[in-house]
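Reviewing the structure listed below.
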Amino acid sequence: MSSVPISAADLAAAVADRTDGAVVSFEGRVRVQNQGRSVRRLHYEAYDAMADEVLREITAEAMDRFSAGEISVKHRSGTLEIGDVAVAIAASAPHRAAAFDSVRYVIEAIKVRLPIWKREEYDDGTSCWLDGVEPPRAPAAYAPREQKSDA
Amino acid sequence: MSSVPISAADLAAAVADRTDGAVVSFEGRVRVQNQGRSVRRLHYEAYDAMADEVLREITAEAMDRFSAGEISVKHRSGTLEIGDVAVAIAASAPHRAAAFDSVRYVIEAIKVRLPIWKREEYDDGTSCWLDGVEPPRAPAAYAPREQKSDA
Amino acid sequence: MTLAENTIRVRLFGYYRELAGKGEIQFDLPTGVRVDDLVAVIRSDPSFAELPSTPAVAVNRRYAPGNQVLSSNDEIALIPPMSGG
Amino acid sequence: MTLAENTIRVRLFGYYRELAGKGEIQFDLPTGVRVDDLVAVIRSDPSFAELPSTPAVAVNRRYAPGNQVLSSNDEIALIPPMSGG
């Protein structure tokens, strides 16, 4: 998580390696229009400590799943203006498929698992929290065994 | 086609737009190892005039197919050292799927359609033209009709 | 659950933080209380009447199942629908 | 094909250029000659004996079908297997 500007170019430079032939990067930017309304700026509030852990977890999953060389991801918090980068991801890999798949995996997982909330401010002076994605309830399989004998 | 260094970051900055929320970029770089051999550097020879046309054609196809906002692509010719960027692609789009799909489409099409040839120089002093991808023979459907009554 | 009580603190974010008017709420609840029990208690507050049927709860920065037992040492957070990326 | 002849110039690149020892070869071929005819002529040169069965040919910077008729005004190129990206 970052409270200062981020860029995919910085992350891409960091993941590049002499053994990796492919670098894929993604930037999610603040759009001037969202769901038909004119956005002036937006504010991200995050559960920072958990968000950092979730980003590390998602990155580790992608590394493991696609055999990527290296993956780097940053998400902004705080106030962002139109065009500012909200999320940046870069992945390097020996071959392109792993790099593409890794970046795509990370952004899709962020959308459903990262504890962060966006409040949009509109040109008409109003603002609202975005209708978000209901986060996952941990599946029963994750429940520690000892709880079954409890209570 | 470019005979001087290229970077996806430059292309990404060029395609970014206030109405597009997603920018995806790709860099293909010269790897120190390829097919088990230690690469010292490589040389790209291209049919430049045709390559420029093929890149424009591929880009237009991706724009049309995925409704991307903007797509930019550059491929190097000449001598490249390890880590140098051989191909850079960036696509912006209102939403991420179109940006990912556009970049992926362009790189896959380059692999099978761009008239360019790579000669690798190895650490042992030898060099060779890479076994490449057989380019497409235009399908019969592309043959001008008037040829059927000819000869 | 046993009758002994412990203090459960719950961090709030975004829209939920605004519903409560503060970033943390706390309850004295019996030992052995589970995530689902805590959610029922929170929902009994009129401010949270419109909580989703199974809102996400993080315990020690991980999404927790409804049957996870809570203790006063846990870092607990009620997680609104998210809008990252 | 008619008996009139025209000069067909063929650009060569990469491995094919090295096989020929030059970047362009040319042939005087009958009017109406097609891509497939040209390929057969090129293959008759021992340097090009190992040409693929249907090597790609570009005419005016577009991949051409085997039945495309060639003229001396066309920009023709024999395209080796490619290795871009």
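Residue numbering restarts at 1 for every chain, and letters A, B, ... go by the order of the sequence lines.
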Residues, nucleotides or ligands: over 12 heavy atoms within 6.0 Å of [X] [atom1]:
| X | atom1 | result |
| --- | --- | --- |
| B:Asp131 | CG | no |
| B:Glu81 | CD | yes |
| B:Lys118 | NZ | yes |
| D:Arg62 | CZ | no |

Sequence neighbours excluded, which residues qualify as side chain to side chain donor-acceptor pair (under 3.5 Å) partners of B:Ser3?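 Expected list: none.
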If you measure from CZ on B:Arg113 to OH on D:Tyr63, what distance do you get to the nearest 0.5 Å?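 If we round to the nearest 0.5 Å, B:Arg113:CZ and D:Tyr63:OH are 8.0 Å apart.
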Could you grab the distance from atom OH of D:Tyr15 to atom CG of B:Leu130, nearest 0.5 Å is fine?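 If I round to the nearest 0.5 Å, the distance is 13.5 Å.
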Can you tell which part of B:Leu114 gets under 4.5 Å to a heavy atom of chain D, answering side chain, backbone, both or neither?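 Contact with chain D is through the backbone of B:Leu114 alone.
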If you take all heavy atoms of B:Trp117 and D:Phe13, which pair is closest and at what distance?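 Minimum heavy-atom contact is CZ3-CB, 3.2 Å.
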Kindly give the heavy-atom pair with the smallest separation between D:Pro55 and B:Glu134, and that separation in Å.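 The pair with the smallest heavy-atom distance is CA-OE2, 3.7 Å.
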Positions in residues 45-70 of chain B that reach chain D, provided some heavy atom is under 4.5 Å away: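 Contacts with chain D: B:Glu45, B:Ala46, B:Tyr47, B:Ala49, B:Met50, B:Glu53, B:Glu57.
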Any residues in residues 7-41 of chain B near chain D, with a heavy-atom distance under 4.5 Å, and which are they?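 The residues closer than 4.5 Å to chain D amount to none at all.
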Sort by residue number and list every residue of residues 73-85 of chain D having at least one heavy atom under 4.5 Å from chain B.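 Hits under 4.5 Å: D:Glu75, D:Ala77, D:Ile79, D:Pro80, D:Pro81, D:Met82, D:Ser83, D:Gly84, D:Gly85.
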